[in-house]
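Below is one structure; the comments refer to it alone.
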Amino acid sequence: MAREIAKAYEPQQIEPRWAEFWVKEELFKADANAPGPVFSIVIPPPNVTGSLHIGHMLEHTEIDILTRWHRMRGYNTLYLPGTDHAGISTQRVVVKFLADQGIDYQKLGREEFEKQVWKWKEEAGGEITKQMKGIGESCDWSREKFTLSPEMSRKVREVFVRLYEEGLIYRENRLVNWCPVCLTVLSDLEVVHEERQGHLWHIKYPVAGTNEFLVVATTRPETMLGDTAVAVNPEDERYSRLVGNNVVLPLMNREIPIIADEMVDREFGTGAVKITPAHDPNDFEVGKRHKLAEIDVMTDDAHMNANAGAYAGLARFEARKKIVEDLKAQGLLEKITEHTNAIGICERSKTIVEPRVSTQWFCRMKLLAEPAIVAVERGEIRVVPDNRREEYFNWMRNIRDWTISRQLWWGHRIPAWYCKENNHVTVARETPAKCTTCGSTNLEQDPDVLDTWFSSGLWPFVTLGWPENTPDFRTYYPTTLLITGYDILFFWVARMIMLGLHFTDKVPFRAVYLHSLVRTAGGEKMSKSKGTGLDPVALNQQYGTDAMRFCLASMAAPGTDIILSDDRLASSRNFANKIWNAARFLFVNLDKFEESGARLEELAAPEVRAKAPYGCGGKIPLVDAWLFARLAATIEMMNDALANYRFHEAAQGVYQFFWGDFCDWYIEWVKPELQSADRERATVAWKNLFAAFDAALRLLHPFMPFLTEELWHQLPQKASAKSIALDSFPGVRSDWKNDAVERKMRFLQEIVTFSRNHRAQAGLSNKQRFPLGLGNLDQSYRELVHENEEAVLRLGSFSSVDYAVLRIDPKTGVVRPTPQGDLVISVEREVNTSAEIAKIRKSIEPLTKTIASKERQLADETFRSRAPEKIIKGLEATLSQQKIELEKLRRRLEELGGGSQEAAG
RNA sequence: AGGCCCGUAGCUCAGUUGGUUAGAGCGCUACCUUGACACGGUAGAGGUCUGGGGUUCGAGUCCCCACGGGCCUACCA
């Protein structure tokens, strides 16, 4: 049964096949009634119309690694996929799409527009789930959810109504953030602050009935058209006499009062502030306190309106320019100074947000926040990395009410109806027939929709069945873990905790791991619009999905952002290729073995792997025992790392094991034995090799699902499961661990390395074989070398071994002292004495330094009394070894005529 | 204004409760095309951990200050 296997790993050839297999076979379908501990995770729903970006790739890789790892360890595992309708951003995309075809969405009308978005969603949407399937995420696709499905809509209404009935949702006229491009109100979080260099215009307001002026400073002169007062600090003597008088508002020729209010900072600007209640949050508060009129001077799209007199119709910054010019012309502009301040930008449209008075729906947060703070304080939700806890607490303790209505068409319509006669509000789960207050049947539903985050805030419990107590809800809620980016800690994570606790009395997840962001080489956030984003689909094509996943995992140290580079990707691809070729080695040689008459059945029984490592004549060969000891250490390390979201450690650990231990040492060591004429020896070697390789594949599987699935299916020893994903993650057997074996193996490796090292330095070819000499070696180590003589001679290119070297000829022998004894290479020609001397001197130098510092430390009484026993013992042990080593090096130096050690260093 | 993070080899980054000669990948140097793999093998060079001060028997690891870089929160006109 000769196997055809390509020389280089070609991921494109195998990935689509397995991706399809996993979906078609419904391999990852969860069963709420299945036994075992539960691992459940819900996806942070990506935008339905979006496509996979590199950040998703990282997030999904981490989720999938942990999901597969748990599944393989026997957990009842659910990874629930889904998408978000992403109100504002989807609406923007479709509006632009229509505009590109010359269609004005507003003329289209609401109903038709919504149809267009659904159509868009059906066509463009689903791309991301297609991609997720393509990269092999182990989701339960039968449970896929969408935040705007009819099912979700019912649940959202349920939540809204309950909160309204509890008085936690209310409607109010207040100053809000308005985006003049998106034409909707925004929550505080959707406004990003940016430091910008601006100006402070000092404007002279004439005091009515006098020749005096009151100078006010403003950063937004255009808002002056809506001024209804000027405020000074009540303590400010400069202005106290003016309080109660009026000023004449320039350009508008309206008289407005001079008032006193604590809010005014005497030190800032001129100490006098123009008050525009309709356009500034502080002024709004002052306006309330002093019962001032609110004059809105702008339209929805930030043009000046009829209240702006002569400036009506101008765009806000046009108006600003004109106003400044006019003031200057009238001699009312005292000066302009430079001023930097943080201005609010709409997260989506990047336009400057306009503070405005408007009637909106709000959610009261204080009460919801309290239990959410407690849950994290008590550790009912573990936050990793934990420095994010403080950020969470800070925000939660200073939380303000959440503006939940949006003037959009795409989203969950607010379940509130107003009667036309009296404008009474009726909030209901189902469309009401009449007004609950006056009985009017002339009702109209609130045109607005809910903030996207309102529905995604319910995600963990509504996707699992809430408000019904379904089997899924009982089994999988609370979810085990949430993995998401720290950039949506407040937007999403905090709100899920608050709403989850409020509606289910349980935390929505027991832990939240906040992953890193992938940044550009310059350290900036990747952005598609700036063209700095990397396309993961293209990279997957180029390097393979497994390489991409492994690369991201190996860089994903908690708390640090990732800068992805071609070098790292290439290195991961090389690793995939290494695995592929190790398999190729196995299969090619297995063919030969079979041709020589071996019976595969001996190797192929699935239970064979459970008993590895096998021994020959009752004795397990050292190298096999060693490999399984390394395997045990690797498994323990990976389990520990993954339990703490230390993906990079797990990845690097398995990399080191596979490449360093398994390929570089183990395979090279056992090569001859695999074709040994001794049938028993060969069979044992094969069994151990396959058992180890099979275990390695399973260790690698969470990171590299495609490659491992492909190779696993070719293994004679694969389990009876349908897929490696349903096979078990290797467990550690206590008899695998063996320090003595590891020590012995290290000694043999040192002999080999010594030879190679010396050859490289002396420019000697590997083909030239020299005798190996061992001096001062105790019996057990002599036996050790003897038992492994073939491998040591072959890998170290020695011709023979002399087990008891008594005298070393300094002219032809090169020595390496070790704690176990001296290693000697006898070369037939003269040793290059000066090179040898230089080399010895070079190793003497750091050795003397470290010996000196250790002696100093050990001589210190305080150290001896305070340091733990373990440290002192360890220090003493290494010190004595190093002293012996140093002594030998010095003696050797003298024999070579290299002079005294003083001269050396 | 408040808070957080980072500054370790030429480059990109690890280094969990302070503890024996600080690690990896890439790059670099030398040798090797050996029947798994040149997306490879073997060996090697290269950091004293941004700077200063402190705590400690002992600090890359803890504290303070400075410099440099990044981020978040915030209604100062």
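Only this structure's heavy atoms are used, side chains among them; waters, hydrogens and symmetry mates stay out. The shown structure was predicted, so the numbers you read here are calculated from the model rather than taken from an experiment. Here is how names work: the chains are called A, B, and so on, in the same order as the sequence lines, proteins then strands, and each is numbered from 1.
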Rounded [atom1] spacing from [N] to [M] in Å:
N	M	atom1	result
B:G25	B:A45	P	15 Å
B:U8	B:U50	C1'	10 Å
B:A24	B:G41	P	15 Å
B:U21	B:U29	P	32 Å
B:A9	B:G46	C1'	6 Å
B:C11	B:G47	P	13 Å
B:C63	B:C31	P	50 Å
B:C62	B:C5	P	10 Å

* To do: Output every pair passing salt bridge (charged side-chain N to carboxylate O under 4.0 Å, His left out) with a member in residues 385-397 of chain A, not counting sequence neighbours, ordered by first then second residue.
  =>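 Those involving residues 385-397 of chain A are A:E377-A:R397, A:R388-A:E391.
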Scan every strand shown for a Watson-Crick or G-U wobble partner of [N], both distances under 3.5 Å, and answer none if you come up empty.
N	answer
B:U73	B:A1
B:C31	B:G41
B:A66	B:U50
B:C26	B:G10

* Counting only heavy atoms not in A:E267, do more than 12 sit closer than 6.0 Å to its CD atom? -> no
* Are A:E294 and A:K288 within salt-bridge range, i.e. N to O under 4.0 Å? -> yes
* Hey, is A:R356 close enough to A:E354 for a salt bridge, meaning N to O under 4.0 Å? ->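 No, no charged N to carboxylate O under 4.0 Å.
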Show each protein N/O and nucleotides 27-33 of chain B N/O combination with a separation under 3.5 Å, one pair to a line.
none

* Side-chain N,O (A:N757) to OP1/OP2 (B:G44) below 4.0 Å ->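 Looking at the OP1 and OP2 atoms of B:G44, one of them is under 4.0 Å from a side-chain N or O of A:N757.
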* N/O (side chain, A:H339) to phosphate O (OP1/OP2, B:A77) under 4.0 Å ->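 Yes, such a contact exists.
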Identify whether any heavy atom of [X] sits under 4.0 Å from a base atom; if not, whether one sits that close to sugar-phosphate; answer base, sugar-phosphate or nothing.
X	result
A:D860	sugar-phosphate
A:D561	nothing
A:D664	sugar-phosphate
A:R864	nothing

If you check every side-chain atom of [X], which of [options] has the closest atom?
X	options	value
A:R573	B:U12, B:C37, B:C39	B:C39
A:R756	B:A36, B:A74, B:U42	B:U42
A:R584	B:A36, B:A77, B:A14	B:A36

* Asked: Between B:A1 atom C1' and A:F268 atom CZ, what is the distance in whole Å?
  ->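 A:F268 atom CZ is separated from B:A1 atom C1' by 13 Å.
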* To do: Evaluate side chain to side chain donor-acceptor pair (under 3.5 Å) for A:T337 paired with A:K335, printing each intermediate quantity in order.
  => CA-CA 7 Å; A:T337 52; A:K335 61 175 176 180; over 6 Å; no
* **A:F550 vs A:F647 side-chain heavy atoms within contact, under 4.5 Å** => no
Do [X] and [N] have a side chain to base donor-acceptor pair shorter than 3.5 Å?
X	N	result
A:E668	B:A36	yes
A:Q882	B:U21	yes
A:K7	B:C37	no

* Asked: Which word best sums up how the rings of A:Y655 and A:F575 line up, parallel for under 30°, tilted for 30 to 60°, or perpendicular for over 60°?
  -> tilted
* **Among A:F587, A:W686, A:F690, ring pair (Phe, Tyr, Trp, His ring centres under 6.0 Å) partner for A:F593** =>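 Going through A:F587, A:W686, A:F690 one by one, the ring pair (Phe, Tyr, Trp, His ring centres under 6.0 Å) with A:F593 is satisfied by A:W686 alone.
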